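Step one of this worksheet: look at the structure below.
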Amino acid sequence: MAQRPDGAATRYRPDAAPAQQPDGAPVPQLSPDGSPAPQYQQANQAAQQQFLPNGPVPQYQPDGTPVPQPQAPGQQYQPNGTPAQQYSQPQGPGQQYQPDGTPAQQYSQPQGPGQQYQPDGTPAQQYLQPNAPQQYQQPGNYQQGQQPYGQPGWGAQPQGYQPSLDNVPVKRAKKAPGSGWRKAVHHVSGGAINPGMSAEELRLQELVARIRQPVRGDYRIAVLSLKGGVGKTTTTTGLGSIFASIRGDRVIAVDANPDFGTLSQRVAIQTRSTVRDLLLDPAIQRYSDVRRHTSQGSSRLEVLASERDPAASEAFNDEEYRAVARILQRFYNIILTDCGTGLMHSAMSGVLDLAHSLVLISSAAIDGARSAAATLDWLSLHGHDHLVRNAVVVINLPREGSPNVGVQQLREYFLSRCRAVHIIPFDEHLSEGAEIDLHRLHKSTKRAYVELAATVADEFGVHHHRLG
C-alpha cells in the first residue's frame with residue numbers, strides 16, 4: 001500500500017500498471033509496514049527492465065531470479081546464463097564443432113573439386129576423382145587419365161590392387177567336324193564355315209573322356225567265360241586295344257589260359273617269351289625289363305603270352321599268377337587277364353581274388369547264356385558276389401542279321417544280376433581269328449567297344465582295397 005501526498009494509502013491491483021515518478025522511474029511498491037512488498041518485487045523489476053534499450057522484458061523464476069534471454073539470434077544459453085558452446089552455430093559453410101567448441105576436422109568439407117579427406121583432415125590420395133586437375137601415382141596403383149587405352153596401367157585402381165589373368169575371357173573356336181556333311185562344308189569353305197560337331201561326335205567325345213579317367217595304382221580286369229568259342233579272347237583284345245589307343249598310360253593283357261591260349265596270336269608277335277620267362281627273369285628292375293617279354297600291337301596294347309607247352313602250362317598255379325601280377329602292377333595301369341574256361345584250376349583262384357572288376361562273355365544263344373548264368377551262380381556261392389554285382393556282361397553276335405534268340409530278353413535277365421550289358425555286333429575282321437586292327441573294324445563294332453570300355457572305366461574312380 002502506497003502513501004499518497006495527503007497521507008492516504010493508495011492500493012494497487014497486482015496487474016495494474018506501475019506508477020511512475022516525475023522523472024520517469026517507477027514508484028516503488030511498499031508493504032503495509034512501509035517496507036518494499038516482496039510480492040511486488042517481480043513487478044517492480046519488470047517495470048525497471050522494460051526500459052532497457054537492448055532487449056525485451058526478462059522472465060523471472062519463482063524465487064525472483066531472472067531467466068536470461070538470448071542476446072543474439074541462434075545463441076543458446078545454459079540455465080546459469082552462460083552461453084552454451086556445444087550448440088554453437090557454424091561459423092562457415094559446412095563447418096562442424098565438437099562439444100568443447102573446437103572445429104571438428106573429421107567433418108571438413110572438400111577443399112577442391114572431387115577431393116576426399118581422411119578422418120584426420122589429410123587428403124585421401126587413393127580416391128582421386130577422374131576429373132581431378134592433377135594426376136597422382138601411389139605405390140601399387142596405376143596412373144589414371146592421360147594414358148591411352150591399352151597401355152599398362154590404364155584406369156585407376158584402389159590401393160593394393162593386383163592384376164590377374166585368371167578371369168580373362170577367352171572365346172574358343174569351335175572344334176572342326178570329323179565326318180558327314182559338316183566335314184564336307186568345313187573342307188569346301190576352307191575352314192570359313194564351321195558347323196561344329198554333330199550330336200554323335202559330342203557323344204563320342206563324352207565316351208572318350210570317361211575312358212581317360214585317371215587310375216589310382218593299377219586296375220585289374222578279369223575276362224571270363226565257362227564256354228569256349230564265345231569270343232572271350234577277341235573281347236579281351238578288343239577292349240584292351242581301345243584302352244591302349246585312347247589312354248596315354250600302359251595297358252597289358254595276360255593270357256592265363258592253361259589250355260594253350262591264343263591271346264598272343266591277336267597281336268604281332270615280337271618275342272617268344274611267356275609268363276614263365278618273366279617269372280624266371282632275375283633282372284626285372286624297370287619297365288624295359290618287362291617290355292622285352294611282351295609283344296605290342298598297333299594299338300599299343302601289350303600282350304604277355306601263356307606257356308605253349310600244354311604239359312608245362314599245368315604248373316602255372318595260383319602263386320605264380322600272383323607273382324606275375326605283383327610284377328606287372330609296378331609298371332602298368334590297366335591289366336586285363338584272359339581267363340581259361342575252367343573255374344577250378346589253380347590260377348583262377350588268384351585271378352578272381354585280385355580282380356577289381358569282371359567282364360563275363362556270353363553268346364546270343366541259349367547254351368551260351370546258360371553257361372554265363374551258371375558262372376554268376378558259382379561266383380556268388382564262392383565268395384565273389386561283389387564281382388557279380390559289378391560285372392559287365394558282353395553278348396557277342398555270331399553272325400550278321402538278327403539273331404534267332406531274343407537278345408532283349410537276355411539283356412533284361414543279365415541286367416537284373418549285373419551292372420551293365422553290352423552287345424557286340426558281328427564283324428568280319430574279328431571272325432578271322434587273326435591279329436586285330438582297330439582301323440579295320442566296322443564303325444558300329446568299334447563304337448560298341450568304345451561304349452564297353454567307357455562302362456568299365458566308370459569304376460576307375462572307385463577306391464579299391466585289393467593291392468595284391
Side-chain angles (χ1 to χ4, degrees), residues 179-180 200-201 203-204 207-208 211 221-246 253 255 257 261-268 297-299 301 303 336 338-341 358-376 391-415 418-457:
S179 61
E200 177 67 17
E201 289 176 319
R203 167 63 178 169
L204 181 60
L207 293 174
V208 170
I211 294 173
I221 306 169
V223 184
L224 182 63
S225 174
L226 288 183
K227 181 176 175 57
V230 295
K232 175 174 56 64
T233 300
T234 301
T235 302
T236 303
T237 308
L239 178 60
S241 298
I242 293 295
F243 277 133
S245 62
I246 294 179
D255 194 344
N257 195 332
T262 60
L263 180 64
S264 61
Q265 300 177 16
R266 301 306 176 94
V267 296
S298 59
S299 63
L301 172 67
V303 172
L336 297 96
D338 183 10
C339 304
T341 55
L358 176 67
V359 177
L360 182 63
I361 310 300
S362 175
S363 63
I366 295 298
D367 57 347
R370 288 175 177 173
S371 297
T375 303
L376 295 177
V392 178
V393 177
V394 175
I395 300 177
N396 289 312
L397 300 183
R399 63 180 65 87
E400 292 182 291
S402 300
N404 297 332
V405 177
V407 178
Q408 185 61 30
Q409 284 74 12
L410 296 179
R411 180 200 295 268
E412 293 177 358
Y413 169 78
F414 287 115
L415 279 177
C418 304
R419 181 165 65 94
V421 177
H422 286 269
I423 298 176
I424 306 298
F426 172 80
D427 192 286
E428 292 183 355
H429 176 57
L430 296 179
S431 64
E432 297 172 358
E435 300 176 12
I436 295 179
D437 185 358
L438 294 178
H439 299 287
R440 296 179 59 188
L441 291 177
H442 191 272
K443 180 180 179 180
S444 60
T445 307
K446 186 176 181 179
R447 177 58 178 271
Y449 275 117
V450 170
E451 292 179 350
L452 172 61
T455 300
V456 175

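Please read these numbers as outputs of a predicted model, since none were measured by experiment.
Between D437 and S298 the shortest heavy-atom distance is OD1-OG, 3.7 Å. Across all their heavy atoms, L224 and C339 have their closest contact at CD1-CB, 3.8 Å. Of all non-hydrogen atoms in Y413 and A373, the two that sit nearest each other are OH-CB, 3.4 Å. Contact record, L441 with Y449: CD1-CD1, 4.4 Å, taken as the closest heavy-atom pair. The minimum heavy-atom distance linking G368 with S363 is given by the pair CA-OG, 3.5 Å. Between S371 and L226, the shortest heavy-atom distance links the atoms O-CD1, 4.0 Å.
Contact check for S362 versus L410: no side-chain heavy atoms found under the 4.5 Å cut-off. I436 has its side chain out of reach of L301: every pair of non-hydrogen atoms, C-beta onward, lies at least 4.5 Å apart.
Put simply, CG on L438 and OG on S299 are 5.5 Å apart, with the number rounded to the nearest 0.5 Å. Atom CD1 of I423 is separated from atom CD of Q408 by 7.0 Å, given to the nearest 0.5 angstrom. Summarising the geometry, atom CD1 belonging to I211 is positioned 9.5 Å from atom CD belonging to E451; distances are rounded to the nearest 0.5 Å. Between atom CD1 of residue I242 and atom OG1 of residue T237 there is a gap of 12.0 Å, rounded to the nearest 0.5 Å. Taking CZ from R440 and CD from E435, the interatomic distance works out to 9.5 Å, rounded to the nearest 0.5 Å.
By the side chain to side chain contact (heavy atoms under 4.5 Å, CB included) test, A391 pairs with L358, C418, sequence neighbours left out. Among residues two or more places apart in sequence or in another chain, the salt bridge (Lys or Arg N to Asp or Glu O under 4.0 Å) test is passed with R370 by none.
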For this session: For the pair T235 and I424, evaluate side chain to side chain contact (heavy atoms under 4.5 Å, CB included) and give the outcome as yes or no after the intermediate values.
Result: CA-CA 9 Å; T235 302; I424 306 298; 5.6 Å; no

For this session: Determine, step by step, whether D255 and V303 satisfy the side chain to side chain contact (heavy atoms under 4.5 Å, CB included) criterion, reporting the C-alpha distance in whole Å, the side-chain angles of both residues, the deciding distance to 0.1 Å, and the verdict.
Result: CA-CA 8 Å; D255 194 344; V303 172; 5.7 Å; no

Problem set entry | Candidate pair T455 and R419, rule side chain to side chain contact (heavy atoms under 4.5 Å, CB included), full reasoning | CA-CA 9 Å; T455 300; R419 181 165 65 94; 3.8 Å; yes

For this session: Go through the steps for F414 and L376 under the test side chain to side chain contact (heavy atoms under 4.5 Å, CB included), then give the verdict.
Result: CA-CA 10 Å; F414 287 115; L376 295 177; 4.1 Å; yes

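Remark: the backbone N or O of D338 is not paired with any side-chain donor or acceptor of K232 at under 3.5 angstrom. Side-chain atoms of D427 come within 3.5 Å of backbone N or O of H442 as a donor-acceptor pair.
Counting heavy atoms of neighbouring residues, nucleotides and ligands inside a 6.0 Å radius, atom CD of E428 does not exceed 12 of them.
Checking each of T234, T233, T236 against R266 for a side chain to side chain donor-acceptor pair (under 3.5 Å) leaves exactly one that passes, namely T234.
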